[in-house]
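Have a look at the structure below before the remarks.
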Amino acid sequence: MDLNPEDGKLAYELDRAHVFHSWSAQAALKPMVIAGGLGSTVWDFDGNRYLDFSSQLINVNIGHQHPAVTAAIRAQTEVLTTVAPAAANLARGRAAQRILERAGHGFSKVFFTNGGADANENAFRMARLYTGRDKILSAYRSYHGNTGAAVVATGDWRRMPNEYARGHVHFFGPYEYRSEFWSSSPEEESARALHHLERVIVSEGASGIAAIVLETIPGTAGILVPPPGYLAGVRGLCDKYGIMLIFDEVMCGFGRAGGWFAFQALGDVEGETVVPDLITFAKGVNSGYVPVGGVIIPPYIAEAFDDTVFPGGLTYSGHPLAMASIVGALDAMEAEGIVANAERIGRDVLGPGLRALAEKHEAIGEVRGIGVFWALDLVADPETREPLPAATIGALKAKLLSLGLLPMFADNRLHVVPPCVVTDAEVAQALGIFDEAFASIAVHA
């Protein structure tokens with residue numbers, strides 16, 4: 001690929017002149033200009049190459065420019081580039097079929113959306129209509145999207161300037177390293193978190209609660225792999241009180257956790273698979289090559305709308321180019337063993353490597369994760385677990401970029417989230433970069 005540094009300058013100038021960025025104060029922005037990418041690597045117009053250990057927004061699961069996905073999109077452009085959602089379309093049917101084959105026999109339909117936020121919006125709508133109830137319960141440590149109800153279901157700071165939707169209640173989920181429950185073991189954290197959740201259910205009035213929505217593995221909040229028994233306990237509470245259970249798999253699904261879905265991957269680890277009533281997805285289903293998301297629906301909910309109109313829809317629901325990209329991505333992931341690669345990398349290479357780094361660098365307070373979905377909880381003091389300050393995080397980020405690695409940080413956490421196609425050699429290279437970067441920062445002032 002021919003790279004012209006002047007194109008990079010132009011891209012930056014046009015961006016700063018005309019593009020309004022999300023979640024940002026605009027004046028101070030200095031966005032990185034990316035010219036291209038392939039697999040687990042991206043590069044700029046000056047030819048600098050970076051290991052993409054952010055997967056952009058933890059969505060490029062199949063890697064950049066996978067030929068099977070780009071070819072599927074290109075082929076679809078020669079047949080039909082767009083069609084109204086009311087029509088039947090072969091690409092849409094095939095995409096739904098591929099998704100349902102991976103979700104398991106308990107699901108029968110897919111409602112396609114434009115991304116993860118509106119997938120959650122429509123899952124909430126379905127749960128409310130199906131149950132005749134109003135309230136949605138979600139965790140404080142969560143992110144569910146930036147649309148009306150999804151952002152209010154979100155637990156972090158982004159909810160607060162946007163609280164216009166009604167009927168939302170929050171609770172604390174398990175987070176043993178920074179426990180709200182004074183626990184001393186994963187089992188105790190799980191039991192106490194479940195006790196807390198049941199108290200919230202009862203106190204809010206169980207008969208008014210439509211659904212509990214959980215990120216199966218909370219992502220932006222810190223890749224909080226649930227402790228043993230927690231998901232099963234939430235399922236039990238939902239069954240006890242007639243509440244729908246929604247798993248938000250927008251970030252953790254389609255290979256990220258080392259399974260087609262995170263609830264399946266966790267089931268393989270724990271020996272018991274907890275199945276929700278609704279599953280929301282986006283991101284990894286086609287690695288973001290074309291915007292898409294959706295809700296996976298079981299027969300008992302889908303059939304409730306056989307003779308009742310579902311009051312929801314989107315102009316681009318099931319867009320043919322997005323559908324073709326899903327088929328291309330999922331077929332390639334199956335044929336090339338990409339999900340199995342993510343599971344093996346996490347178990348045998350990335351997980352052990354990160355834990356070895358934690359033994360060496362006291363700034364790494366905790367390592368947690370599964371598959372290619374990991375976080376390092378960074379601390380200024382390993383005893384008090386005081387979070388590493390923002391200035392030190394900034395210095396660490398700058399060092400990683402200078403060494404050729406594109407990282408993802410959220411608060412005091414470094415998320416280690418390469419594409420599912422990452423190789424052993426690329427992980428080894430990244431671990432070396434992390435080692436050098438952590439050696440460059442001072443933890444104690």
Side-chain angles (χ1 to χ4, degrees), residues 103-108 120 123-124 126-142 144 153 155 167-176 179-218 221 224-249 252-253 257 259 261-280 295-302 304 370:
H105 68 275
F107 299 91
S108 61
N120 283 319
F124 301 162
M126 288 177 193
R128 283 168 162 158
L129 292 168
Y130 182 81
T131 62
R133 301 175 178 185
D134 187 43
K135 291 182 181 179
I136 304 292
L137 269 58
S138 55
Y140 278 110
R141 296 187 182 94
S142 69
H144 297 289
H168 290 268
V169 177
H170 292 84
F171 60 90
F172 285 104
Y175 184 2
E176 188 190 0
S179 177
E180 302 292 336
F181 308 112
W182 298 279
S183 68
S184 57
S185 70
E187 293 75 17
E188 193 170 68
E189 180 76 0
S190 180
R192 293 182 178 185
L194 288 167
H195 173 78
H196 161 71
L197 176 56
E198 185 163 23
R199 292 296 302 131
V200 172
I201 290 170
V202 172
S203 299
E204 287 292 332
S207 63
I209 299 170
I212 295 173
V213 58
L214 295 174
E215 292 176 274
T216 315
I217 302 173
L224 306 174
V225 179
Y230 182 71
L231 294 182
V234 176
R235 174 77 270 180
L237 290 173
C238 287
D239 293 341
K240 178 178 179 180
Y241 293 106
I243 298 168
M244 297 284 98
L245 177 58
I246 302 169
F247 279 173
D248 177 342
E249 296 245 353
C252 60
F261 290 92
F263 74 89
Q264 296 164 343
L266 293 173
D268 290 342
V269 172
E270 294 192 18
E272 178 184 11
T273 298
V274 177
V275 180
D277 296 288
L278 294 166
I279 306 167
T280 59
V295 186
I296 305 173
I297 310 166
Y300 53 89
I301 295 179
I370 187 173

Point to revise | Under 3.5 Å: donor-acceptor pair, side chain of R192, backbone of W182 | key: yes
Review point. Donor-acceptor pair, T273 side chain versus Q264 backbone, under 3.5 Å?
Key: no
Let me confirm one number: the [atom1]-[atom2] distance from [X] to [Y], rounded to the nearest 0.5 Å.
X: I201; Y: C238; atom1: CD1; atom2: SG; result: 6.5 Å
X: L231; Y: L266; atom1: CG; atom2: CG; result: 6.0 Å
X: R141; Y: H170; atom1: CZ; atom2: NE2; result: 12.5 Å

Give the minimum heavy-atom separation between [X] and [Y], together with the two atoms involved.
X: H144; Y: A153; value: CD2-O, 3.6 Å
X: A304; Y: Y130; value: CB-CD1, 3.8 Å
X: C252; Y: A262; value: SG-CB, 3.5 Å
X: G106; Y: P298; value: O-CB, 3.3 Å

Study note, to complete from the structure: Across all chains, not counting sequence neighbours, the side chain to side chain donor-acceptor pair (under 3.5 Å) partners of R133 are none
Exercise for review: With sequence neighbours left out, write down each residue that passes side chain to side chain donor-acceptor pair (under 3.5 Å) with S184, or none if nothing qualifies.
Suggested key: E188
Point to revise | Residue from I279, I217, L214 passing side-chain contact (heavy atoms from CB on, under 4.5 Å) with F263 | key: I279
Point to revise | Reference residue F247; test side-chain contact (heavy atoms from CB on, under 4.5 Å); the match among V274, V213, T280 | key: V274
Exercise for review: Can you run down the salt bridge (charged side-chain N to carboxylate O under 4.0 Å, His left out) pairs that involve residues 203-215, sequence neighbours left out, and say none if there aren't any?
Suggested key: K135-E204
Point to revise | Listed once per pair and sorted, the salt bridge (charged side-chain N to carboxylate O under 4.0 Å, His left out) pairs that draw on residues 265-279, sequence neighbours left out | key: R235-D277
Test of understanding: with ring-ring contact (aromatic ring centres under 6.0 Å, His included), list the residues that count as partners of [X], not counting sequence neighbours.
X: F172; answer: Y140
X: F181; answer: H196
X: Y300; answer: none
X: F107; answer: none

Would you say that [X] contacts [Y] through its side chain, given a criterion of any heavy-atom pair below 4.5 Å between the two side chains?
X: I296; Y: E249; answer: no
X: I246; Y: V295; answer: no
X: I212; Y: L197; answer: yes
X: I209; Y: T131; answer: no

Point to revise | Contacts of E187 that satisfy salt bridge (Lys or Arg N to Asp or Glu O under 4.0 Å) - sequence neighbours left out | key: none
Practice item. With sequence neighbours left out, write down each residue that passes salt bridge (Lys or Arg N to Asp or Glu O under 4.0 Å) with E198, or none if nothing qualifies. Key: K240
**Study point:** S190: partners by side-chain contact (heavy atoms from CB on, under 4.5 Å), with sequence neighbours left out
**Key:** L194, P227, Y230
Review point. In chain order, what residues pass the side-chain contact (heavy atoms from CB on, under 4.5 Å) check against A302, with sequence neighbours excluded?
Key: S108, K109, I297
